[in-house]
Amino acid sequence: MDITGRSTSDVDVVVWEDDFLTAPSLDGLLHRLSLTEADEQFFFREAEFDAAYRQVVIELSNLDHGSSARRTLLEDLKAEIWVGHDHIGERDAGAAQDSVRRLQELLRASKR
């Protein structure tokens, strides 16, 4: 399902990613956040953070009990996604970008 706004530019659509936690996906989200200004654009970014959150929750639910390092990483990612989501709710795209950068750092540190 496409959800679009006033144009077909990436900033005016919800971009659905198969895996929001890849470098290209996070780079794209950072770019869209840098352009996000209008209320509906914040709504679109919120949907993207929601999708990323669901992806992490699903992966957590599929982990076996022996994956403690992976579980810790996913819990950290989930918490940071929620922080970014809250910043979107506050209409603070810059702070949401900082959360995305922290996600990138967590993933780099884990060598995902």
Side-chain angles (χ1 to χ4, degrees):
M1 171 175 82
D2 289 334
I3 301 174
T4 61
R6 61 188 91 202
S7 78
T8 57
S9 169
D10 278 354
V11 73
D12 286 320
V13 299
V14 175
V15 176
W16 304 109
E17 299 281 1
D18 290 331
D19 185 351
F20 271 98
L21 300 175
T22 64
S25 295
L26 290 172
D27 288 343
L29 180 54
L30 273 175
H31 176 70
R32 290 187 302 282
L33 283 165
S34 74
L35 302 173
T36 298
E37 296 175 345
D39 285 343
E40 70 182 9
Q41 294 167 343
F42 280 99
F43 171 76
F44 299 151
R45 300 301 77 79
E46 183 176 11
E48 293 167 358
F49 273 91
D50 288 345
Y53 187 86
R54 281 191 303 276
Q55 287 176 0
V56 170
V57 168
I58 289 167
E59 189 171 342
L60 273 166
S61 71
N62 290 331
L63 275 183
D64 61 30
H65 295 292
S67 304
S68 63
R70 183 69 178 162
R71 181 172 305 283
T72 299
L73 171 64
L74 290 169
E75 290 290 351
D76 291 346
L77 292 170
K78 184 175 85 167
E80 192 59 50
I81 291 167
W82 195 254
V83 169
H85 182 276
D86 283 350
H87 290 309
I88 290 297
E90 297 163 351
R91 304 298 190 254
D92 189 343
Q97 284 177 297
D98 291 341
S99 285
V100 173
R101 289 184 191 100
R102 283 190 291 277
L103 292 170
Q104 290 172 320
E105 279 300 314
L106 285 167
L107 290 167
R108 271 195 292 272
S110 74
K111 299 178 184 160
R112 182 172 197 239

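- Salt bridge status for R45 with E48: present, with a side-chain N to carboxylate O gap under 4.0 Å.
- The heavy-atom pair separating D19 from S25 by the smallest distance is O-OG, 2.9 Å.
- Clustering ILVMFWY residues whenever any of their side-chain heavy atoms sit less than 4.5 angstrom apart, transitively, puts V83 in a cluster other than the one holding F42.
- Residues Q55 and D18 bring no donor and acceptor atom of their side chains to less than 3.5 Å of each other.
- For the residue pair F20 and A51, the shortest heavy atom distance occurs at CE1-CB, 3.3 Å.
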Run the numbers on R102 and E105 for salt bridge (charged side-chain N to carboxylate O under 4.0 Å, His left out), then give the verdict.
-> CA-CA 5 Å; R102 283 190 291 277; E105 279 300 314; over 6 Å; no

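- Within the 4.5 Å cutoff, no side-chain heavy atoms of V15 are placed close to those of F44.
- The shortest non-hydrogen separation linking D12 to Q41 is OD1-NE2, 2.9 Å.
- Atom NE2 of H85 and atom OG of S99 lie 11.5 Å apart (nearest 0.5 Å).
- The cluster map of Ile, Leu, Val, Met, Phe, Trp and Tyr, joined by side-chain heavy atoms under 4.5 Å apart, puts I81 and L106 in the same cluster.
- Considering only heavy atoms from C-beta on, I88 comes within 4.5 Å of L33 through its side chain.
- More than 12 non-hydrogen atoms from other residues, nucleotides or ligands lie less than 6.0 angstrom from CG of N62.
- When all heavy atoms of L26 and V100 are compared, the closest pair comes out as O-CG1, 3.8 Å.
- One distance of note links OG1 of T72 with CG of L77; it measures 10.5 Å at 0.5 Å rounding.
- Of the inter-residue distances, the one linking H31 atom NE2 with T36 atom OG1 reads 9.5 Å to the nearest 0.5 angstrom.
- Residues A96 and H87 share a closest heavy-atom pair of N-CB, 3.7 Å.
- Taking CZ from R101 and CZ from R108, the interatomic distance works out to 10.5 Å, rounded to the nearest 0.5 Å.
- Counted by atom type alone, R71 and S68 present zero donor-acceptor pairs between their side chains at under 3.5 Å.
- In this structure the side chain of Q104 reaches within 4.5 angstrom of the side chain of L30, judged on heavy atoms.
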